[in-house]
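Structure first, then comments.
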Amino acid sequence: MNNNLVYGIKDKPQFSKLIVLAIQQLLAIMAATIAVPAIVGNGMSASAALFGAGVGTLVYQLFTKFRSPVFLGSSFAFIGSMTAAFAGAVSLSLGYLGLIIGAVCAGLVYVIIALVVKLVGVGWINKLMPAAVIGPTVAIIGLSLAGAAIKDVFSYGPQDGNGSFIMTTNIWVSFICAIVTLFVVVLCSTYGKKMTKLIPFIIGILAGYAVALIFTAIGYAAGNDALKVIDFAPFKALVANGVNVDTFVALPQFSFLAAIKGAKDFNLGYLATVAVAYVPVAFVVFAEHIADHKNLSSIIGSDLLEEPGLHRTLLGDGVGSIAGAIFGGCPNTTYGESVGCIAITRNASVATITTTAILAILIAFVSPFVAFLDSIPGCVMGGVCITLYGFIAVSGLKMIQKVDLEDNANFFTVSVILIAGIGGMAMAIGKVTITSIACALILGIIVNIVLTKFKKNQD
């Protein structure tokens, strides 16, 4: 176990601290979790996705025996698959049924791989993906998100149809909000005492939100739209039809409720369409699953592939993904934002993750809180994401430090992965898109195998 951790895996902070730490984790994963349904559209519910993420995380924790401190959120890798499920459906309800069927197909891939791992062990994984492969792969997971973080830094307000924030004409306003958030997070994390050091993201977001409120107030007073950083539309929607029960508590629009109506339109041809869209992506996400757990293992000082075991993390991820889709439509995956939050705060308490999952489930019903989360400006989250994504990238670079780069086999393996990943080597095969991270990882594995094989032959 890593002695630098404030809270280890089995540690349980006192209740008051636990709630605050869980809210921080929730804020760290929130933007990405609710962004996926916004991007896919077709009436998908952000609160339902949040509920599904909470349920999926609890399922993951059950399968991993509460020994792996990571949150599962909506997977971006399956956005193309989800879009294909709606595109191939004759009705919207069938599209929702397709989301669930697709998640089941992808989850079964994980189950099958988990059974193989259980039978043959994880030795082949370590040989196939040594530090020279995993290190740069983890690094590009963070680096590949750099553009998204910076885009958010210079944005705020309403989102467009693709889930992107509309750019402002006054970039200095959004930049100031982002920088205030960034520096508050960094200063609290580096020099904070006691609780301050443990909740830098909450303090940073509140500070950035406060600055955004000041700019927004000035914007309304001066009639200057460029200064209106915060979009109050989520709050206005709460009272659009007057103040009623839904203003305070509302039932999320669960996917399975719409999917039931689509059963009458189901046929085997549609099943094949959905399976082809989801199954190949599951193999791609499997590679990212390995990288995330290797990274988390290095942070907490305990190999999660050995204990609780890769077969358990795969089962938890696969079944948790199915559970998430049943409620929110989105397949789940382990979140780099969650890993980054753990790395920065040094809080690896599984109790925190479990509480976060429970809060995600409960908050999905609380309309004002969901509205508040929706109103957090993109520039504020951009300031937070610079630290989160940067920490993921640096974690990968730290793994590379342990690699003998004087050995050309290692040197070129690392080089190929970094360039392919940062360069954005994504490939489309039919309706399936292999992400740049997956392409870089696959290419790196091949290069490593070939060079290692030749080296052994020469010896």
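Everything quoted here is computed from the prediction, not taken from an experiment.
For the residue pair Ile100 and Ala259, the shortest heavy atom distance occurs at CD1-CB, 3.7 Å. Annotation for Ala22 and Leu359: closest pair CB-CD1, 3.6 Å, computed over non-hydrogen atoms. Closest heavy-atom contact between Thr387 and Ile344: O-CD1, 3.7 Å. The heavy-atom pair separating Val6 from Asp11 by the smallest distance is O-OD2, 4.4 Å. Heavy atoms only, all atoms of each residue included: Ile9 and Arg67 are closest at CD1-O, 3.7 Å. Heavy atoms only, all atoms of each residue included: Met399 and Ser298 are closest at CE-OG, 3.5 Å.
Between Phe327 and Phe254, the ring planes lie perpendicular to each other; the angle is over 60°, past the 30° to 60° tilted range. Ring orientation note: the planes of Phe78 and Tyr278 are close to parallel, at an angle under 30° on the 30°/60° scale.
The closest side-chain heavy-atom distance from Ser93 to Phe266 is not below 4.5 Å. Using a 4.5 Å cut-off on side-chain heavy atoms (C-beta onward), Ile353 and Thr57 make contact. Phe201 is listed as a side-chain neighbour of Cys341, based on a closest heavy-atom distance under 4.5 Å. Contact check for Ile342 versus Gln25: side-chain heavy atoms found under the 4.5 Å cut-off.
Annotation: the span from Thr334 atom OG1 to Leu296 atom CG amounts to 8.5 Å, rounded to 0.5 Å. In this structure, CG in Asp292 is found 10.5 Å from OG in Ser297, a value given to the nearest 0.5 Å. The structure places CG of Asn295 at 10.5 Å from CD1 of Ile300, a figure rounded to the nearest 0.5 Å.
Within a 6.0 Å radius of NZ in Lys402, other residues, nucleotides and ligands contribute 12 heavy atoms or fewer. A 6.0 Å sphere centred on NZ of Lys197 holds more than 12 heavy atoms belonging to other residues, nucleotides or ligands.
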Ser45 vs Ser47, side-chain hydrogen bond (donor to acceptor under 3.5 Å, both in side chains): CA-CA, chis, key distance, verdict: CA-CA 5 Å; Ser45 167; Ser47 57; 3.0 Å; yes

Residue pair Ile361, Leu58: steps toward the side-chain contact (heavy atoms from CB on, under 4.5 Å) verdict: CA-CA 10 Å; Ile361 292 171; Leu58 290 180; 3.7 Å; yes

